[in-house]
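The model shown is predicted, which means the values in this text are computed figures rather than measured ones.
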Amino acid sequence: MKITKSLLALFMLLALLLAAGCDGNTNTSKGESPAADKPAATDKANNSGAKDSAEKTISLKVYYPDDNGMKLLAEKRSIETKGDKYKAAMESLLEGPKVKGEVRVIPAKTKLKSIKVKDGVATVDFSEDLSKRFTGGSTGEEMLVGSIVNTLTEFSEVKSVQLLVEGKKVDSLSGHMDLSKPVGRMKELLK
């Protein structure tokens, strides 16, 4: 009788330990490692992808040129996603800098038309104001492209960015950078 009670207690203890270890939030059943594939941008609610009907808050770095226009500075923000984390990140970038010593490089009237991420490439479509209202030279163009690319590549699943204006690929914004192909993270611009 004592052995039966001891075995029953042992099985109950094991069942509790197993239940405590299964929190339902692990993705290992889908072939994903729980820690290795975390995006650089952290999603406080769920990392399930770009579109989800729930509103979430993510922490993200957005990039703006320093006041010398030579390097990009990271500005940490908490962003409400409203369903699409990539769109929320770009809209936050378009708001302009909130920290002293950073400057706006994307023309103020520029609108985000769409953003899609597929196979590691974020395709971002802007209104024509991006190119028509841009007034910088080669360094300004590099800072503008770098701020967009480096902000989006904060998401680990985004490896490069293809810029579109009014739904069409552009060769360049002002003749200084080749934008006909996706652009990878521009680490050399980071301060």
Side-chain angles (χ1 to χ4, degrees), residues 39-41 50-51 57-191:
K51 295 192 178 187
T57 302
I58 61 171
S59 293
L60 179 72
K61 291 178 187 175
V62 292
Y63 292 89
Y64 296 100
D66 62 13
D67 53 7
N68 294 326
M70 299 304 290
K71 291 289 184 184
L72 293 175
L73 301 173
E75 184 178 311
K76 291 182 182 180
R77 293 190 180 169
S78 289
I79 303 168
E80 295 296 321
T81 64
K82 298 179 182 130
D84 187 335
K85 63 185 180 181
Y86 310 116
K87 180 179 178 186
M90 281 295 92
E91 287 174 346
S92 183
L93 181 70
L94 289 171
E95 288 174 8
K98 297 178 182 181
V99 173
K100 188 176 179 180
E102 299 175 346
V103 295
R104 173 188 287 274
V105 70
I106 299 173
K109 299 205 181 248
T110 301
K111 303 283 186 249
L112 176 68
K113 297 188 80 167
S114 70
I115 183 167
K116 295 174 186 150
V117 176
K118 184 178 179 186
D119 299 327
V121 178
T123 303
V124 190
D125 187 10
F126 291 102
S127 65
E128 64 185 8
D129 296 308
L130 182 70
S131 57
K132 281 192 173 185
R133 295 181 180 270
F134 178 69
T135 58
S138 60
T139 303
E141 184 174 3
E142 187 175 44
M143 292 292 117
L144 184 152
V145 173
S147 68
I148 295 167
V149 170
N150 287 342
T151 297
L152 284 171
T153 56
E154 279 295 304
F155 298 103
S156 65
E157 64 272 20
V158 176
K159 305 301 180 204
S160 61
V161 177
Q162 177 69 64
L163 295 178
L164 304 179
V165 174
E166 296 295 332
K168 297 176 184 168
K169 284 185 181 181
V170 291
D171 292 331
S172 182
L173 291 178
S174 65
H176 304 287
M177 285 187 72
D178 179 10
L179 301 177
S180 62
K181 298 174 188 162
V183 178
R185 189 163 180 87
M186 300 169 75
K187 294 177 188 175
E188 69 279 2
L189 298 180
L190 301 178
K191 195 165 204 177

Check your understanding: Under 3.5 Å, side chain of R104 to main-chain N/O of L94, donor-acceptor pair present?
Key -> yes

Check your understanding: For K71, does the NZ atom have more than 12 heavy-atom neighbours from other residues, nucleotides or ligands under 6.0 Å away?
Key -> yes

Practice item. Compare every heavy atom of L189 with every heavy atom of G146, then report the nearest pair and how far apart it is. Key: CA-CD1, 4.0 Å

Point to revise | S127 side chain to T110 backbone, donor-acceptor under 3.5 Å | key: no

Review point. Are the side chains of L72 and P65 in touch, meaning some heavy atoms are under 4.5 Å apart?
Key: yes

Review point. Hey, are E154 and R185 close enough for a salt bridge, meaning a charged N less than 4.0 Å from a carboxylate O?
Key: yes

Check your understanding: For the side chain of E141 and the backbone of H176, is there at least one donor-acceptor N/O pair under 3.5 Å apart?
Key -> yes

Practice item. Output yes when a side-chain donor or acceptor of Y64 lies under 3.5 Å from a complementary backbone atom of L93, and no otherwise. Key: yes

**Study point:** Any L112 side-chain heavy atom under 4.5 Å of E91 side chain
**Key:** yes

Check your understanding: Is there a side-chain contact between L152 and V124 (heavy atoms, below 4.5 Å)?
Key -> yes

Review point. Closest approach of G69 and T139, non-hydrogen atoms and distance?
Key: O-CG2, 3.1 Å

Exercise for review: Drop me the distance from K159's NZ to D119's CG, to the nearest 0.5 angstrom.
Suggested key: 12.5 Å

Practice item. Check whether any side-chain N or O of D125 sits under 3.5 Å from a backbone N or O of E166 as a donor-acceptor pair, and report yes or no. Key: yes

Review point. Could you state the interatomic distance from CG (D178) to CG (D171), rounded to the nearest 0.5 Å?
Key: 7.0 Å

**Study point:** CE on M90 to CD1 on I79, rounded to 0.5 Å
**Key:** 9.0 Å

Practice item. Using modelled atom types only, decide if a donor and an acceptor are shared between the side chain of R77 and the backbone of V62 within a distance under 3.5 Å. Key: no

Check your understanding: Is there side-chain contact between Y63 and T151, with at least one heavy-atom pair below 4.5 Å?
Key -> yes

Check your understanding: Going by heavy atoms in the side chains, are T81 and Y86 under 4.5 Å from each other?
Key -> no

Point to revise | Closest approach of D66 to V103 (non-hydrogen atoms, all atoms of both residues) | key: O-CG2, 3.6 Å

Exercise for review: State, to 0.1 Å, how close S174 and G136 come at their nearest heavy-atom pair, and which atoms those are.
Suggested key: OG-O, 3.9 Å

Practice item. Calculate, to the nearest 0.5 Å, the distance between atoms NZ and CZ belonging to K109 and R133 respectively. Key: 5.5 Å

Review point. V99 and L73: side chain to side chain contact (heavy atoms under 4.5 Å, CB included), yes or no, with the steps?
Key: CA-CA 10 Å; V99 173; L73 301 173; over 6 Å; no

Exercise for review: Please name the pair of heavy atoms, one in P107 and one in L144, separated by the smallest distance, quoted to 0.1 Å.
Suggested key: CD-CD1, 4.0 Å

Check your understanding: Of all heavy-atom pairs between S78 and T57, which one has the smallest distance, and what is that distance?
Key -> CB-CG2, 4.0 Å

Review point. When rounded to the nearest 0.5 angstrom, what distance separates CG in L163 from CE in M177?
Key: 8.5 Å

Review point. Any side-chain heavy-atom pair from M186 and E142 closer than 4.5 angstrom?
Key: yes

Review point. Is the number of heavy atoms from other residues, nucleotides or ligands within 6.0 Å of NZ (K87) greater than 12?
Key: no

Point to revise | Nearest-0.5 Å distance that lies between atom CD in E128 and atom CG in L130 | key: 10.5 Å

Point to revise | Donor-acceptor under 3.5 Å (Q162 side chain, K169 main chain) | key: no

Review point. Can a salt bridge be assigned to the pair E157 and K85 using a cut-off of 4.0 Å between side-chain N and carboxylate O?
Key: yes

Check your understanding: Which of these passes side chain to side chain contact (heavy atoms under 4.5 Å, CB included) with F126: I115, L173, V170, I148?
Key -> I148

Review point. I106 versus S147: any side-chain heavy-atom pair under 4.5 Å?
Key: yes

